[in-house]
Amino acid sequence: MSHEFNIPKDALITVAGTVGVGKSTLTHALAARLGFRTSMEKVDTNPYLEKFYHDFERWSFHLQIYFLAERFKEQKAIVEAGGGFVQDRSIYEDTGIFAKMHADQGTMSLTDYETYNSLFEAMVMTPYFPHPDVLIYLEGELPSILNRIRLRGREMEIQTDISYWEHMHQRYAKWIDEFSACPVLRLNIDEYDATDEAALDEIIRRAAKIIQDSRALRAI
Ligand SMILES: Nc1ncnc2c1ncn2[C@@H]1O[C@H](COP(=O)(O)OP(=O)(O)O)[C@@H](O)[C@H]1O
Ligand SMILES: Nc1ncnc2c1ncn2[C@H]1C[C@H](O)[C@@H](COP(=O)(O)O)O1
């Protein structure tokens with residue numbers, strides 16, 4: 001157990017939510033408080049991301065395959081280490097939000113989407129794919145999130161039409177209502193401050209309760 005919080009040492013906590021909502025910030029803060037390792041989404045070394053923002057149609061398949069490979073390697077490292085990680089973004093969002101959104105809006109062809117999905121499903125069926133003990137879902141109003149994207153200052157995101165972020169925000173709201181792959185803790189970004197220790201502790205206590213309840217159920 002992670003001493004004062006009753007979080008099992010082998011737990012996997014995943015932080016999910018739309019771009020700019022605060023996942024990386026909370027991932028680092030939770031991991032530091034728990035003495036867990038982080039599994040971060042790497043942006044600077046991604047060879048397709050910037051090209052993708054300039055031409056969705058040309059690069060969406062390449063980018064999805066790249067993200068899938070990266071996330072799978074991360075999952076494998078987490079399993080091999082025996083858990084004890086906070087993970088920045090779930091693999092479920094790649095398929096359930098991004099790939100689907102681009103397929104639906106015609107910026108990824110149906111054939112590419114089907115190829116991607118069959119690869120995704122084959123990967124998820126392996127022992128290297130532990131479902132998280134809890135998925136912490138961050139949600140907030142679109143204007144606050146857009147403001148955070150601007151403040152963070154990634155030019156490729158700032159230059160992207162606001163309709164892209166609006167559409168993603170709507171998809172996320174629907175996606176989380178239907179999500180059932182693992183237990184969920186929903187957090188509104190106006191209701192916590194990631195730099196405040198008491199707020200973090202409260203989030204961890206809520207996560208711990210969810211993890212204990214779901215592990216107890218699995219043990220029956
Ligand atoms: N709780 C918070 N309060 C204020 N600003 C925040 C908070 N969490 C994140 N931010 C800021 O919002 C921006 C996006 O946060 P980040 O953690 O990178 O989001 P994500 O990983 O979800 O894309 C960053 O500039 C970050 O400093
Ligand atoms: N699967 C993905 N498809 C397209 N774009 C993606 C995917 N996963 C992440 N991204 C983009 C979105 C952001 O520009 C960066 C990093 O995401 P963030 O939510 O800021 O951590 O990658």
Side-chain angles (χ1 to χ4, degrees), residues 13-33 38-72 74-75 86-105 107-108 112-113 116-117 119-120 123 135-162 164-165 167-169 171-172 175-176 187-200 202-203:
I13 299 173
T14 297
V15 183
T18 196
V19 177
V21 73
K23 298 178 298 301
S24 309
T25 309
L26 186 65
T27 297
H28 282 299
L30 289 176
R33 195 81 186 107
T38 56
S39 168
M40 303 305 296
E41 187 175 56
K42 295 175 205 77
V43 167
D44 297 345
T45 51
N46 186 317
Y48 297 110
L49 196 58
E50 182 139 20
K51 291 178 171 145
F52 163 79
Y53 277 110
H54 285 113
D55 187 346
F56 287 150
E57 247 174 290
R58 171 82 180 79
W59 295 106
S60 60
F61 183 65
H62 301 70
L63 180 68
Q64 293 313 323
I65 296 294
Y66 180 83
F67 268 120
L68 192 54
E70 287 300 299
R71 290 208 218 279
F72 194 73
E74 287 287 314
Q75 294 282 151
V86 186
Q87 183 181 40
D88 177 16
R89 177 161 278 128
S90 68
I91 202 163
Y92 312 112
E93 292 157 84
D94 293 318
T95 172
I97 299 283
F98 292 95
K100 188 158 192 332
M101 174 169 141
H102 284 278
D104 288 349
Q105 70 189 24
T107 40
M108 185 192 263
D112 285 351
Y113 181 59
Y116 169 80
N117 257 342
L119 186 58
F120 176 85
M123 285 174 146
L135 179 138
I136 300 182
Y137 178 72
L138 302 184
E139 58 195 341
E141 298 298 320
L142 185 64
S144 314
I145 294 167
L146 292 176
N147 202 31
R148 287 185 178 188
I149 290 176
R150 272 191 294 271
L151 277 175
R152 180 171 57 191
R154 286 182 196 144
E155 210 46 44
M156 58 190 166
E157 294 171 354
I158 293 169
Q159 296 305 329
T160 296
D161 202 286
I162 283 179
Y164 185 74
W165 308 119
H167 189 169
M168 191 179 292
H169 190 252
R171 278 194 179 247
Y172 260 103
W175 172 81
I176 195 64
L187 286 183
N188 190 300
I189 59 171
D190 294 327
E191 287 165 11
Y192 74 92
D193 171 359
T195 60
D196 174 18
E197 250 182 33
L200 278 181
E202 178 55 24
I203 294 170

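Just so you know, ligand 1 is whichever comes first in the structure, and atom 1 is the first atom listed for that ligand. All heavy atoms count here, side chains included; hydrogens, waters and symmetry mates do not.
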Study note, to complete from the structure: Among non-hydrogen protein atoms, atom 3 (N) of ligand 2 lies closest to Gln64 NE2, 2.6 Å

Practice item. Ignoring angles and geometry beyond distance, decide whether Thr18 reaches within less than 3.5 Å of ligand 2 through its nitrogen or oxygen atoms. Key: no

Check your understanding: Heavy atom of Arg152 under 4.0 Å from ligand 2?
Key -> yes

Review point. Can you tell which of Val15, Asp94, Ile65 gets a heavy atom nearest to atom 1 (N) of ligand 2?
Key: Asp94

Review point. With a cut-off of 6.0 Å (strictly less than), are more than 12 heavy atoms of other residues, nucleotides or ligands near CD of Gln105?
Key: yes

Practice item. Specify side chain, backbone, both or neither for Met156, according to which of its non-hydrogen atoms lie closer than 4.0 Å to ligand 2. Key: neither

Point to revise | Geometric N/O contact Asp88 with ligand 2, under 3.5 angstrom | key: no

Exercise for review: Can you figure out which of Lys23, Arg148, Glu41, Arg89 has its heavy atom closest to atom 4 (C) of ligand 1?
Suggested key: Arg148

Study note, to complete from the structure: shortest atom 2 (C) of ligand 2-to-protein heavy-atom contact is with Phe98 CG, 3.3 Å

Review point. Is there a donor in the side chain of Glu157 and an acceptor in the side chain of Thr160, or the other way round, less than 3.5 Å apart?
Key: no

Point to revise | Sub-3.5 Å N/O-N/O distance, Gly20 and ligand 1 | key: yes

Review point. Backbone, side chain, both or neither: what part of Val21 comes under 4.0 angstrom of ligand 2, heavy atoms only?
Key: neither

Review point. Where the side chain of Thr107 meets the backbone of His102, is there a donor-acceptor pair that is under 3.5 Å apart?
Key: yes

Point to revise | Presence of salt bridge, Lys23 and Glu41, under 4.0 angstrom | key: no

Point to revise | Polar contact flag for Arg89 and ligand 2 (N/O pairs, less than 3.5 Å) | key: yes

Check your understanding: Judging by distance only, is a nitrogen or oxygen of Gly22 under 3.5 angstrom from one on ligand 1?
Key -> yes

Check your understanding: In terms of heavy-atom contacts, does CD1 of Ile162 have more than 12 from other residues, nucleotides or ligands at under 6.0 Å?
Key -> no

Review point. Just by distance, do the side chain of Arg58 and the backbone of Phe52 share a donor-acceptor pair under 3.5 Å?
Key: no

**Study point:** Check: Phe98 main-chain N/O paired with Glu93 side-chain donor or acceptor under 3.5 Å
**Key:** no

Study note, to complete from the structure: The answer for which part of Glu70 has a heavy atom under 4.0 Å from ligand 2 is neither

Review point. Do the side chains of Met156 and Val43 get nearer than 4.5 Å, heavy atoms only?
Key: yes

Review point. Within the structure, does Arg152 bring an N/O atom to less than 3.5 angstrom of an N/O atom in ligand 1?
Key: yes

**Study point:** Structural part of Val43 in contact with ligand 2, heavy atom criterion under 4.0 angstrom
**Key:** side chain

Review point. Does ligand 2 have any atom that is closer than 4.0 Å to a heavy atom of His102?
Key: no

